[in-house]
Amino acid sequence: MSAFEVNFDGLVGLTHNYAGLSFGNVASTSNKSAVANPKLAALQGLAKMKALADMGFKQGVLPPQDRPCIKTLRQLGFSGDDVSVLTQTAKKAPHLLTAVSSASSMWVANAATVSPSADTADNKVHFTVANLNCKFHRAIEEQTTSNALHAIFSDPQYFTHHNALPQQSLLGDEGAANHNRLAATHGNEGVEVFVYGRQVFGGAVEPSKYPARQTYEASQAVARLHQLGDKNSVFVQQNPDVIDQGVFHNDVISVSNGNVLLHHQQAFLNQASAFSEIEHKLQQLGTQFIPIEVPTDKVSIKDAVTTYLFNSQLLTKKDGKMLIVVPEESQRNPRVWRYLNELIAGDNPIDEMRVFDLRESMCNGGGPACLRLRVVLNQAELTATNQHALLNDGLYHSLTNWVNDHYRDRVTEADLGDPSLLMENRTALDELTKIMHLGSIYSFQQD
Ligand SMILES: N=C(N)NCCC[C@H](NC(=O)CCC(=O)O)C(=O)O
């Protein structure tokens, strides 16, 4: 059956800031305490969405979360009215305030893992919300993420939603950032490649410096929930050495589209055997596997981490060829830029490149691919999707005006305790739920 890949991009939230919260993510820790510009960040994200929609790609939008998250602070013992909860936290536990204020839900590649109906035994689209339990500021995203996904994919005839896995390090799950799908076309049955950083039971090698966020046990659980057969799934360990060099998610070292896997030479442990399993399983589905390997002598791991060359989007164009969407940082590095130009001129399906300025997100370790969640939908599933979450000119203009009306152009850690910022968030998000017809997805709307 024919199907579309719809890229749902996360809108950057109003509290976007640089708090250095993600140990193991080099950009996050090295930009700690820099001054952030949430308005610019949101507009940069919208500009990418609009440009891709204008090129004919189907584009969706996922809303940001309500921050600072007062509900979480109450769970941690702060009490009184909302403003007093905020001001007490700012005074007594500023480190908690930065965590509950992060706009990290913008990186929706970590929101959930999604399996298209062509791969699942019951022929429904399955979503499992990621528990993100490696980082406290991200572990608090799951409930609102679940509410947003339900509000956009509400019809149980087509969509099955699974709660996040239990919040336990055994089951660390970072969603689609560690999940690559390979298939002849989006609509064909495919092979889903689950990439994990460590195996708790019986695993051997692990990174020694930085955390491996995704476990084998979590990847297995998601594949079971999604009713994926053995023929539709492959489990591969990410190379622990590259995690220790700052590759905290697999989408910082590889990206798939169709039957192509663009990856670094050092991306995976036991790369050869993993690729022969993928090749074999794709062959059984009648499809050839096209791995494109980037050698270390052309692009080092350091180059990959600083430029986010692999955190690119690979998109199938109408003519069947592929477009690669990269961040400006890739253009600024001569080795990476040379490689990319060789790639699009070479004998492979990728023949066009677009460069985007996503600096505000990049400074926290989030490139083009982090900002989007891929959802493959056939026509009936697309029709059943909340149409107000799909980007067209009207929604783009509404969202741009909404950002210009509500967002600040400067936020530092010191601003996070400002009660006006909390109120600005709530006013803006309340309006957004009306623009996008989401209902009451935020806890402040439910109290
Ligand atoms: N690779 C993918 N798919 N996503 C990127 C996520 C970046 C995010 N950064 C942050 O959460 C930094 C927040 C701060 O430090 O203020 C993270 O580390 O989880």
Side-chain angles (χ1 to χ4, degrees), residues 8 10 21-28 62 65 99 102-115 126-146 148-149 162-181 192-200 203 206-207 210-226 233 235-240 242-244 246-256 267-269 305 308 310-311 361 364-375:
F8 282 82
L21 298 173
S22 280
F23 176 65
N25 167 347
V26 181
S28 157
L62 287 171
Q65 303 215 349
S102 177
S104 53
S105 69
M106 73 174 89
W107 300 297
V108 292
N110 305 116
T113 306
V114 187
S115 292
H126 284 249
F127 298 82
T128 295
V129 173
N131 62 22
L132 295 169
N133 72 31
C134 185
K135 309 282 174 206
F136 174 58
H137 71 289
R138 303 225 56 185
I140 60 175
E141 293 173 23
E142 62 157 290
Q143 187 57 57
T144 304
T145 298
S146 171
L149 291 174
H162 305 282
N163 292 335
L165 300 176
Q167 286 286 5
Q168 222 285 336
S169 71
L170 165 69
L171 296 166
D173 178 23
E174 301 274 319
N178 295 317
H179 177 249
N180 272 311
R181 178 174 187 261
E192 302 193 15
V193 182
F194 291 82
V195 187
Y196 58 93
R198 75 192 166 101
Q199 184 170 346
V200 179
E206 285 189 18
Y210 291 145
R213 298 195 198 183
Q214 180 86 30
T215 66
Y216 172 75
E217 287 76 4
S219 298
Q220 287 270 329
V222 174
R224 272 191 299 272
L225 287 165
H226 291 200
S233 46
F235 298 85
V236 187
Q237 184 167 353
Q238 187 165 316
N239 180 353
V242 301
I243 296 180
D244 277 340
V247 181
F248 58 99
H249 286 138
N250 177 67
D251 65 5
V252 178
I253 199 86
S254 82
V255 56
S256 66
F268 306 101
L269 195 69
V305 171
Y308 267 39
F310 295 97
N311 200 258
S361 167
N364 250 338
C370 301
L371 287 163
R372 62 94 173 96
L373 181 66
R374 291 180 280 194
V375 185

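Atoms considered below: every heavy atom in the structure, side chains included; atoms not considered: hydrogens, waters and symmetry mates. Every value quoted in this text rests on a predicted model; they were computed, and no experiment measured them.
- Under the 6.0 Å cut-off for aromatic ring centres, Tyr210 and Phe23 qualify, their centroids lying closer than that.
- Using a distance-only test at 3.5 Å, with no hydrogens or angles considered, a donor-acceptor pair links the side chain of Gln238 to the main chain of Asn250.
- Among the candidates His179, Arg213, Gln214, the single residue satisfying the side-chain hydrogen bond (donor to acceptor under 3.5 Å, both in side chains) test with Glu174 is Arg213.
- Below 30°, between 30° and 60°, or above 60°: for His126 and His226 the angle between ring planes is between 30° and 60°, a tilted geometry.
- No side-chain donor-acceptor contact under 3.5 Å links Asn133 to the backbone of Ala139.
- By the 30° and 60° cut-offs, the orientation of the rings of Tyr308 relative to Phe248 is tilted.
- Checking side-chain atoms of Ser361 against main-chain N and O of Gly366 turns up a donor-acceptor pair under 3.5 Å.
- Taken to the nearest 0.5 Å, the CG atom of Leu165 stands 6.5 Å off from the CG atom of Leu225.
- Side chain of Glu141 to backbone of Leu132: no donor-acceptor contact under 3.5 angstrom is found.
- In plain terms, the two heavy atoms of Ala176 and Leu373 that are nearest each other are CB-CD1, 3.8 Å.
- Asn131 contributes a side-chain N or O that, together with a main-chain N or O of Asp173, makes up a donor-acceptor pair within less than 3.5 Å.
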Decide yes or no on side-chain hydrogen bond (donor to acceptor under 3.5 Å, both in side chains) for Asn180 and Ser254, but give the supporting numbers first. CA-CA 9 Å; Asn180 272 311; Ser254 82; 3.2 Å; yes
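- Between the Thr215 side chain and the Ala218 main chain, a donor and an acceptor come within less than 3.5 Å of each other.
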